[in-house]
Amino acid sequence: MTSVRNPAVAGLFYPDNPRELHTLVSGYLAAVPTSGAVPKAIIAPHAGYIYSGPIAASAYARIKPARGRITRVVLLGPGHCVGFHGLALSSADCFQTPLGQVTVDQEAVKKISHLPQVHVMDAAHAQEHSLEVHLPFLQEVLGEFSLVPLVVGDAGPEEVGEVLDLLWGGAETLIVVSSDLSHYHDYKTAQKLDRATSQAIEQLRPDDIDYDHACGRNPVNGLLHVARRLGLKAKTIDLRNSGDTAGLHDRVVGYGAYIFE
């Protein structure tokens with residue numbers, strides 16, 4: 001019997017109606033001009049779509065030309081609900097969204113399940129939005145693909161990097177890291193903080209990114225650790241906050257989209 005991880009935030013962070021969701025996501029993607037090579041990895045935000053959807057689309061639009069070529073997505077995001085050490089896999093066979101099911105890549109899971117920092121923890125996935133909100137974007141741009149879903153708890157760059165090394169693959173594999181930026185500062189302060197975080201990402205400096213700079217600090221820093229060793233180049237392609245999209249300016253959350261080539 002197939003086990004399914006059902007959506008936790010459909011109807012809250014994004015529409016639970018398939019037609020409305022398709023229209024919304026495809027509209028975000030259509031608004032982004034696409035050019036350049038398909039990146040190996042991206043960092044994109046995970047808030048409600050009215051807040052961060054346009055910024056996430058800036059990254060995902062760059063993936064569209066690889067439809068049919070990218071067949072596996074390694075998706076890492078921070079845990080907001082459960083505290084734990086390491087990286088948490090799900091026991092589910094697939095992840096459900098209003099757009100359909102995404103199959104978990106069990107062969108890829110086997111490659112990392114022996115690592116001491118990797119364990120199955122369904123509680124970390126059950127209510128977690130940081131992975132879920134990326135799936136409709138991935139379904140729109142890629143169609144069919146398999147998934148390696150990892151919620152990242154207290155884990156250092158080397159621990160996350162070891163997992164990424166084993167799953168890096170070739171042109172068939174996309175790495176997606178889920179993270180927002182600063183939280184609940186005024187608009188100008190957030191802009192200053194988020195520009196500094198973006199510079200740290202572009203310069204592959206994980207030591208300069210802390211939890212108050214990016215809620216996905218741990219998976220972000222793991223990606224930066226690997227990218228620096230492999231000689232990848234990071235680029236900021238969108239940097240905004242909730243004051244630019246759907247919120248007030250007195251208390252905002254920052255969002256950035258980054259590509260790694």
Side-chain angles (χ1 to χ4, degrees), residues 3 5-9 41-47 72-95 102 104-135 146-169 173-184 197 200-201 204-230 253 256 258 260:
S3 58
R5 189 274 183 187
N6 287 309
V9 294
I42 64 172
I43 300 172
H46 55 235
R72 180 175 69 175
V73 176
V74 181
L75 176 59
L76 303 92
H80 294 83
C81 305
V82 178
F84 62 96
H85 179 80
L87 296 88
L89 289 164
S90 169
S91 68
D93 297 308
C94 60
F95 276 48
V102 181
V104 173
D105 189 329
Q106 299 297 344
E107 289 302 313
V109 166
K110 288 178 185 177
K111 289 183 179 180
I112 61 170
S113 58
H114 69 281
L115 296 174
Q117 69 270 36
V118 176
H119 37 267
V120 174
M121 182 182 292
D122 288 328
H125 285 268
Q127 298 300 317
E128 183 54 56
H129 66 274
S130 73
L131 305 187
E132 178 182 327
V133 298
H134 288 275
L135 296 178
S146 65
L147 179 70
V148 186
L150 288 158
V151 177
V152 182
D154 182 15
E158 295 82 5
E159 290 178 301
V160 176
E162 186 177 16
V163 172
L164 289 175
D165 283 337
L166 290 174
L167 299 176
W168 196 256
T173 300
L174 172 70
I175 310 296
V176 177
V177 170
S178 173
S179 184
D180 296 340
L181 299 177
S182 65
H183 281 59
Y184 309 136
T197 301
I201 290 172
L204 307 179
R205 293 187 281 110
D207 293 343
D208 291 340
I209 301 175
D210 213 332
Y211 291 110
D212 57 346
H213 302 139
C215 61
R217 167 192 184 264
N218 290 346
V220 167
N221 286 351
L223 175 59
L224 298 186
H225 174 75
V226 174
R228 184 168 57 186
R229 178 162 43 79
L230 296 179
V253 177
Y258 310 89
F260 292 74

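Note that the structure is a prediction, hence the values are computed from the model and not measured.
H225 contributes atom NE2, which lies 9.5 Å from atom CD of E162 (distance to the nearest 0.5 angstrom). Atom-to-atom distance recorded for F260:CZ and L230:CG is 11.5 Å, nearest 0.5 angstrom. Note that the CG atom of N221 and the CG atom of D207 stand 7.5 Å from one another [nearest 0.5 Å]. Note that CD of Q117 is 6.5 Å distant from CG of L87, once rounded to the nearest 0.5 Å. Atom-to-atom distance recorded for D180:CG and T197:OG1 is 12.0 Å, nearest 0.5 angstrom. The structure places OG of S113 at 9.5 Å from CD of Q106, a figure rounded to the nearest 0.5 Å.
Under the 4.5 Å side-chain criterion, counting only non-hydrogen atoms from C-beta, V226 is not in contact with I175. Contact check for V109 versus D105: no side-chain heavy atoms found under the 4.5 Å cut-off. Residues K111 and V148 form no side-chain contact, since every pair of their non-hydrogen atoms from C-beta on lies 4.5 Å or further apart. In this structure, the side chains of Y184 and V253 come closer than 4.5 Å at one or more pairs of heavy atoms. Considering only heavy atoms from C-beta on, R5 stays 4.5 Å or farther from L131 through its side chain. Here the side chains of P206 and R228 are in contact, with some heavy-atom distance below 4.5 Å. L89 places a side-chain heavy atom less than 4.5 Å from the side chain of L150.
Scanning both residues, A155 and E159, for their nearest heavy atoms gives CA-OE1, 3.3 Å. Closest non-hydrogen pair, C81 versus Q127, comes out as SG-O, 3.7 Å. When all heavy atoms are compared, the tightest approach of S90 to H125 is N-NE2, 3.5 Å. The nearest pair of heavy atoms linking I201 to L224 is O-CD2, 3.8 Å. The shortest non-hydrogen separation linking L167 to T173 is O-CG2, 3.4 Å. Taking all atoms of both residues into account, the shortest heavy-atom contact from S179 to C215 is OG-N, 3.8 Å.
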Practice problem: Could you give me the CA-CA distance, side-chain angles and deciding distance for L223 and L76, then say whether side chain to side chain contact (heavy atoms under 4.5 Å, CB included) is met? | Solution: CA-CA 10 Å; L223 175 59; L76 303 92; over 6 Å; no
- [ ] Please report the C-alpha distance between V104 and D93 in whole Å, then the side-chain angles of each, then the deciding distance to 0.1 Å, and finally whether the side chain to side chain contact (heavy atoms under 4.5 Å, CB included) criterion is met.
- [x] CA-CA 5 Å; V104 173; D93 297 308; 5.8 Å; no
What verdict does the side chain to side chain contact (heavy atoms under 4.5 Å, CB included) test give for Y258 and V177, after you've listed the backbone C-alpha separation in whole Å, the side-chain angles of each residue and the deciding distance to 0.1 Å? CA-CA 10 Å; Y258 310 89; V177 170; over 6 Å; no
> What do the steps show when you test L147 against L135 for side chain to side chain contact (heavy atoms under 4.5 Å, CB included), and what is the final call?
Replying inline: CA-CA 9 Å; L147 179 70; L135 296 178; 3.9 Å; yes
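With S130 contributing its side chain and P78 its backbone, the two residues share a donor-acceptor pair below 3.5 Å.
Between E128 and H80, the side chains place a donor N or O and an acceptor N or O closer than 3.5 Å (distance only, hydrogens not considered).
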